Amino acid sequence: MVGKAIASKLVELAHEVRMGSRAAGNESAVAWAAEAGEGASTGTFADAAGFGEVVFNCTAGVASLDALNAAGDINLAGKLLIDVANPLDFSQGMPPSLSVCNTDSLGERIQRAFPATHVVKALNTVNCDVMVEPARVPGEHVVFVCGNDPEAKDEATRLLGEFGWPAERVLDLGDVTAARSTEMYLPLWLNLMGQLGTLHFNIELAREVGSVDRQEA
Ligand SMILES: NC(=O)c1ccc[n+]([C@@H]2O[C@H](COP(=O)([O-])OP(=O)(O)OC[C@H]3O[C@@H](n4cnc5c(N)ncnc54)[C@H](OP(=O)(O)O)[C@@H]3O)[C@@H](O)[C@H]2O)c1
């Protein structure tokens, strides 16, 4: 669902996209590519990672390390990897729990497993329709980026701009350890979804007038 939303948006923006799956010829991926048209192709996780200048991890969080290992560290080395996944564990039913939290996060685990890759955690705090069309939710609502490499975060922020997120609504939370906080937002996100009865919402931040903007200071 997330991979398709992001891949379709990228194709619409005239990027070439290869959708990876565990096995080449994945029925759902092939159907997506046929519908998305020129610029869309499919393959294994390794094919996709080798093809992309930028890689999006849109895999089930509990399986992301397996998927990225299949993608291969050589195919990921030196690249920006935008990690959209949440480590949701549905094995005990609903609501899901987090398979990693408090003192670690999926984003950090990915960065540790692939030290030559520039991991930027982003977009995991909004539904995939909102990821690629923020204007469907009114207001100055925000998304977050975090990661160890400032240039990678700049590149991710530029891509988010293409998706429709103005730079001032992309908040830099610092290094990749901040992935803990955006992943641990998920229980609240799920609660809000249940109470609001929609997937299409987001959070907006308000600050005291005249407060120092640490990002500009
Ligand atoms: N739904 C949203 O709007 C939303 C919003 C924010 C974040 N997220 C996060 O985005 C990610 C994707 O969510 P989704 O609902 O689109 O998809 P999903 O069902 O959570 O994951 C599907 C993807 O995970 C891969 N996968 C599943 N089990 C695997 C395994 N054992 N080994 C290797 N790869 C495996 C699948 O590969 P195959 O193609 O081979 O099956 C497919 O690429 C999740 O981490 C989710 O928490 C979702």
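Start at 1 and go down the list; that is how both ligands and their atoms are numbered. As the structure is a computational prediction, the values presented were derived from the model and not from experiment. Computation of the quantities below employed the complete heavy-atom set of this structure, encompassing side-chain atoms and omitting hydrogens, waters and symmetry-equivalent molecules.
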**Q.** 4.5 Å side-chain heavy-atom contact, Leu171 and Val143
**A.** no
**Q.** Subset of ligand 1 atoms that lie under 4.0 Å from at least one heavy atom of Ser21
**A.** 39 (O), 40 (O)
Q.
Please tell me whether Lys4 and Ser28 have a donor and an acceptor in their side chains that are separated by less than 3.5 angstrom.
A. yes
Q: Give the atoms of ligand 1, by number and element, whose distance to some non-hydrogen atom of Asn127 is under 4.0 Å.
A: 3 (O)
(Q) I'd like to know if Leu199 contacts ligand 1, where contact means a heavy-atom distance under 4.0 Å to any ligand atom. (A) no
Q: Give a yes or no on whether the backbone of Gly174 and the side-chain of Lys153 come within a donor-acceptor separation of less than 3.5 Å.
A: yes
Q) Considering residues, nucleotides and ligands other than Glu168, do more than 12 of their heavy atoms fall under 6.0 Å from its CD? A) yes
Q.
Test of understanding: given a 4.0 Å heavy-atom threshold, classify the contact between Asn26 and ligand 1 as side chain, backbone, both, or neither.
A. side chain
Q. Between the side chains of Asp83 and Asn57, does any donor sit under 3.5 Å from an acceptor?
A. yes
Q) Any side-chain donor paired with an acceptor under 3.5 Å for Ser8 and Trp32? A) yes
Q) Under 4.0 Å from any heavy atom of Ala60, which atoms of ligand 1 are there? A) 20 (O), 21 (O), 23 (C), 24 (O), 45 (O)
Q | Contacting atoms of ligand 1, where contact means under 4.0 angstrom from a heavy atom of Ala63 | A | 28 (N), 29 (C), 30 (C), 31 (N), 32 (N), 35 (C)
Q: Check whether any N or O atom of Val2, backbone or side chain, sits under 3.5 Å from an N or O atom of ligand 1, and answer yes or no.
A: yes
Q | Thr59-ligand 1 polar pair, N/O distance under 3.5 Å | A | yes
Q | Flag: protein heavy atom within less than 4.0 Å of atom 21 (O) of ligand 1 | A | yes
Q | Ligand-residue contact atoms, ligand 1 with Val126, heavy atoms, under 4.0 Å | A | 5 (C), 6 (C)
Q | Non-hydrogen atom of Lys4 closer than 4.0 Å to ligand 1 | A | no
Q.
Suppose we measure from atom 46 (C) of ligand 1 to each protein heavy atom; which comes out shortest, and what is that distance?
A. Asn86 N, 4.0 Å
**Q.** Element-labelled atoms of ligand 1 that are located less than 4.0 Å from some non-hydrogen atom of Val84
**A.** 7 (C), 8 (N), 9 (C), 10 (O)
Q. Is Asn124 in polar range of ligand 1, meaning some N or O pair under 3.5 Å apart?
A. no
Q | Closest approach of any protein heavy atom to atom 36 (C) of ligand 1, naming residue and atom | A | Arg22 NH2, 4.0 Å
Q: May I ask you to check if ligand 1 and Cys128 share an N or O to N or O distance below 3.5 Å?
A: yes
(Q) Below the 3.5 angstrom mark, is there an N/O of Met1, backbone or side chain, next to an N/O of ligand 1? (A) yes
**Q.** Straight-line distance of Arg109 CZ to Leu68 CG, nearest 0.5 Å
**A.** 13.5 Å
Q.
Between Lys79 and Glu53 (side chain of the first, backbone of the second, donor and acceptor by atom type, cut-off under 3.5 Å), is there such a pair?
A. no
Q) Going by distance alone, is a donor N or O of one side chain under 3.5 Å from an acceptor N or O of the other, for Asp47 and Thr44? A) yes
Q: For ligand 1, indicate whether the residue Cys58 contacts it via side chain, backbone, both or neither (heavy-atom separation under 4.0 Å).
A: backbone
Q. Around atom CD1 of Ile74, are there more than 12 heavy atoms of other residues, nucleotides or ligands at under 6.0 Å?
A. no
Q: Return yes if a side-chain donor-acceptor contact under 3.5 Å exists between Thr182 and Thr125, otherwise no.
A: no
Q: Using distance alone, with no hydrogens and no angle criterion, decide if Glu155 and His118 have a side-chain donor and acceptor under 3.5 Å apart.
A: no
Q: Give a yes or no on whether atom 42 (C) of ligand 1 lies under 4.0 Å from any heavy atom of the protein.
A: no
